[in-house]
A.B. asks: 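Have a look at the structure that comes next, please.
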There are 2 protein chains.
Amino acid sequence: MIVVQSSSAVTPQPAEGIAHPARAELELAAVLHALSDPVRLRMVAALAGDDGEHTCKSFDVPVTKSTCTHHFKILREAGVIHQRQAGTSRLNALRREDLDARFPGLLTTILQAASAPHETA
Amino acid sequence: MIVVQSSSAVTPQPAEGIAHPARAELELAAVLHALSDPVRLRMVAALAGDDGEHTCKSFDVPVTKSTCTHHFKILREAGVIHQRQAGTSRLNALRREDLDARFPGLLTTILQAASAPHETA
DNA sequence: CAGGAGATACGATGATCGTCGTACAAAGTT
DNA sequence: AACTTTGTACGACGATCATCGTATCTCCTG
């Protein structure tokens, strides 16, 4: 299962219909809303665990596939994650650089808060 | 169930009747949700401006009094603000200490993000 | 006491949300 | 080709939300 990645500048592919907001267009309210759901918070925490890309399947959340897709859409449209197609899978990655540039420290602080005692649910 | 109340005014609700969650009970998701509304974000930013207490009236938000009350309830129940009765007015204050203790840096970071360029709306 | 000011309570309404099931599409695998 | 895997699309549902208008309450002041 080797994914062939081009060595050239891949150009932030729109990937045929997967729309992502530009860095300058990230809205704080949207980001906070995206992170205000326990399921999504868990997803983001998992993504932040190792900065790699995760398939949708690799998340341990108590919802169905449909709901997962829905949550990923919210996260993507808020600019929290980036989605990239790779075969039958869709790889999800945290847009950490963009978020840090736009809202310095926000992501880190929220993830810390999320892993605080009594909040590990 | 029809209750005829207040005909002979008894035991009105003192300031103690306003319920606030304890520090240990603050939930991240609730806080993030409370702050994910532009109007509430503005209110909190105003409260953070000078750490004093603000009456409900003193906020410049484009909603009616009813809606204001609603937003304050959300903020209070999430533990973001503290409300205290003072005469006919209700004084609102940011629960900065509790928030900082529970979610270190969160409030500061969000407020910074809220006052970032392009987000000053 | 009567009136005004500050704020809540109580619907009501239209919008959005979180969840699901089913159906469908694309890319590997056998 | 047929099947499996991975994920989306489309409704649908109950729940919550943000907003408002109006009625009501409490306190202060004339």
A.B. asks: Just to be sure I understand the rule, does Ser89(A) reach a base, reach only the sugar-phosphate, or reach nothing, if contact means heavy atoms closer than 4.0 Å?
C.D. replies: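 Here Ser89(A) touches the backbone only, sparing every base.
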A.B. asks: Take atom NE2 of His70(B) and atom P of dT22(D), then tell me their distance rounded to the nearest Å.
C.D. replies: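 To the nearest whole Å, that distance equals 20 Å.
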A.B. asks: Provide, to the nearest angstrom, the distance between the CG atom belonging to Leu75(B) and the P atom belonging to dT8(C).
C.D. replies: 12 Å
A.B. asks: Using heavy-atom distances to pick each residue's nearest nucleotide on DNA chain C, tell me which of Thr88(A) and Val63(A) is more 5'.
C.D. replies: Val63(A)
A.B. asks: Rounded to whole Å, how long is the line connecting atom CD1 of Ile18(A) with atom C1' of dG7(D)?
C.D. replies: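 Going from Ile18(A) (CD1) to dG7(D) (C1'), I get 11 Å.
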A.B. asks: Can the ring centres of His82(A) and His20(A) be said to be less than 6.0 Å apart?
C.D. replies: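 Centroid separation for His82(A) and His20(A): below 6.0 Å.
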A.B. asks: Atom CD of Gln83(A) and atom C1' of dT6(D): how far apart are they, to the nearest Å?
C.D. replies: 13 Å
A.B. asks: Tell me, which of residues 31-39 of chain A have any heavy atom that sits under 4.0 Å from an atom in DNA chain D?
C.D. replies: none
A.B. asks: Within this structure, what is the NZ-to-C1' distance between Lys65(A) and dG11(D), rounded to whole angstrom?
C.D. replies: 17 Å
A.B. asks: For the side chain of Ser66(A) and the base of dG21(C), is some donor closer than 3.5 Å to an acceptor across the two?
C.D. replies: yes
A.B. asks: Give the rounded distance in Å between these two atoms: CZ of Arg90(A) and P of dT8(D).
C.D. replies: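 Nearest whole value for this atom pair: 5 Å.
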A.B. asks: For residues Asp50(A) and His54(A), is any side-chain donor paired with an opposing acceptor at under 3.5 Å?
C.D. replies: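 His54(A) and Asp50(A) do have a side-chain donor-acceptor pair below 3.5 Å.
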A.B. asks: In terms of heavy-atom contacts, does CD of Glu27(B) have more than 12 from other residues, nucleotides or ligands at under 6.0 Å?
C.D. replies: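 Atom CD in Glu27(B) is not packed in, count stays at 12 or less.
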A.B. asks: Return the value, rounded to whole Å, for the distance between atom NZ of Lys57(A) and atom P of dT5(D).
C.D. replies: 9 Å
A.B. asks: Is it true that a side-chain atom of Arg42(B) and a backbone atom of Asp60(B) form a donor plus acceptor pair closer than 3.5 Å?
C.D. replies: yes
A.B. asks: Return the value, rounded to whole Å, for the distance between atom CD1 of Ile74(A) and atom C1' of dC17(C).
C.D. replies: 8 Å
